[in-house]
Amino acid sequence: SSSSSSSLKRKHSVSEAFEHTMPCSICSSLRVLVAEDNLFNRKILAAQLTKLGVQFDMVVNGLDAVKAVEASITTQSPYSLILMDVQMPVMDGYTASSHIRALLPNRVIIIAITANALPGDMDNCLLSGMDDYLPKPIRLPELAVLFHKWSNKLSSPT
């Protein structure tokens, strides 16, 4: 019975944090890049980010993500956070994250989004330069909690 009460507490804390972040006070100041090859997942993320009031751009592979980050440096309109799918064509999320880290060391938060929830996946994400990990399917409360979790780093100028 202790496991059921701890899962209830977790659900309660997620919904509680969700209530505190809606409307997401930091979200309107965010500029997010989404790198996701699956059209269905892109549509869901677009709806969720729009609901949170987040400005975002979308790309369909890791190479386009690197190019978008390069362009954001040139135009001096950097991304606050990148939601990076791990498995994509052309260039995967691990490789793209390594390239982005070389361009912007510690200046952008990279969150892995993946259907793979195996024990070693989180380690692989962190080793490639990602900061956090969000398993699919992504739900709006979890996304809001994620922005809330990183809000101190997101709001501090670097």
Side-chain angles (χ1 to χ4, degrees), residues 14 18 21-158:
V14 168
F18 179 51
T21 55
M22 294 298 290
C24 177
S25 55
I26 190 170
C27 289
S28 60
S29 64
L30 295 181
R31 185 156 182 258
V32 172
L33 177 65
V34 177
E36 168 64 68
D37 63 315
N38 181 286
L39 178 63
F40 180 73
N41 290 338
R42 282 198 310 273
K43 285 182 177 182
I44 289 174
L45 279 165
Q48 291 172 333
L49 292 169
T50 300
K51 195 166 196 171
L52 289 170
V54 175
Q55 280 188 322
F56 62 93
D57 295 324
M58 291 206 164
V59 295
V60 297
N61 63 60
L63 183 59
D64 287 347
V66 173
K67 289 178 181 176
V69 169
E70 288 171 342
S72 77
I73 294 167
T74 306
T75 60
Q76 295 184 345
S77 54
Y79 292 103
S80 330
L81 187 139
I82 300 170
L83 295 173
M84 181 76 73
D85 186 17
V86 173
Q87 295 179 329
M88 294 181 286
V90 185
M91 181 187 288
D92 67 31
Y94 299 121
T95 307
S97 294
S98 297
H99 284 290
I100 291 166
R101 274 290 167 247
L103 291 168
L104 294 171
N106 303 319
R107 293 225 325 263
V108 63
I109 294 164
I110 304 174
I111 309 296
I113 51 173
T114 179
N116 297 339
L118 299 173
D121 291 329
M122 177 67 171
D123 295 336
N124 291 337
C125 293
L126 297 175
L127 287 171
S128 68
M130 298 179 184
D131 298 290
D132 208 339
Y133 174 92
L134 199 57
K136 292 178 186 175
I138 295 169
R139 292 173 178 86
L140 187 61
E142 293 162 353
L143 200 54
V145 167
L146 183 89
F147 291 145
H148 186 72
K149 174 183 174 181
W150 288 97
S151 62
N152 289 342
K153 186 167 182 190
L154 288 169
S155 58
S156 65
T158 49

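Bear in mind the structure is a predicted one, so any value in this text is a computation, not a measurement.
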Inset, instruction - Grab the two heavy atoms, one from S97 and one from M130, that are nearest each other, plus how far apart they are. - result: OG-CE, 3.2 Å
Legend entry - L140 side, atom CG; L45 side, atom CG - distance, nearest 0.5 Å: 10.5 Å
Legend entry - Residues W150 and D132: side-chain donor-acceptor under 3.5 angstrom: yes
Legend entry - Side chain to side chain, V69 and V108, heavy atoms closer than 4.5 Å: no
Legend entry - 4.5 Å side-chain heavy-atom contact, L81 and D131: no
Inset, instruction - Please test N41 against V34 for side chain to side chain contact (heavy atoms under 4.5 Å, CB included), starting from the C-alpha separation and ending with a verdict. - result: CA-CA 10 Å; N41 290 338; V34 177; over 6 Å; no
Legend entry - Closest heavy-atom pair and its distance - E70, L103: CG-CD1, 3.6 Å
Legend entry - Residue pair V86 / Y133, side-chain heavy-atom distance below 4.5 Å: no
Legend entry - Point-to-point distance, once rounded to the nearest 0.5 Å, from NZ of K149 to CD1 of I109: 10.0 Å
Legend entry - Residue pair D57 / L33, side-chain heavy-atom distance below 4.5 Å: yes
Inset, instruction - Assess whether side chain to side chain contact (heavy atoms under 4.5 Å, CB included) is satisfied between V90 and V60, documenting all intermediate values. - result: CA-CA 9 Å; V90 185; V60 297; over 6 Å; no
Inset, instruction - Hey, could you give me the CD1/CZ distance between I82 and R31, rounded to the nearest 0.5 Å? - result: 10.5 Å
Inset, instruction - Measure the spacing between CD1 of I44 and CG of L143 and express it to the nearest 0.5 Å. - result: 12.0 Å
Legend entry - Pairwise side-chain contact, M84 with Y94, heavy-atom cut-off 4.5 Å (strictly under): no
Legend entry - Shortest non-hydrogen contact from I138 toward L134: CG2-CD2, 3.8 Å
Legend entry - Shortest non-hydrogen separation from A68 to Y79 and the atoms involved: O-CE1, 3.7 Å
Inset, instruction - Drop me the distance from E36's CD to I113's CD1, to the nearest 0.5 angstrom. - result: 5.0 Å
Legend entry - Non-hydrogen side-chain atoms of L146 and L83 separated by less than 4.5 Å: yes
Inset, instruction - Measure the spacing between CE of M58 and CG of L49 and express it to the nearest 0.5 Å. - result: 6.0 Å
Legend entry - Shortest non-hydrogen contact between A35 and A65, atoms and distance: CB-CB, 4.0 Å
Inset, instruction - Determine whether F147 and V54 make a side-chain contact, defined as any pair of heavy atoms from C-beta on separated by less than 4.5 Å. - result: yes
Legend entry - Student check: side-chain heavy atoms of L52 and L30 closer than 4.5 Å: no
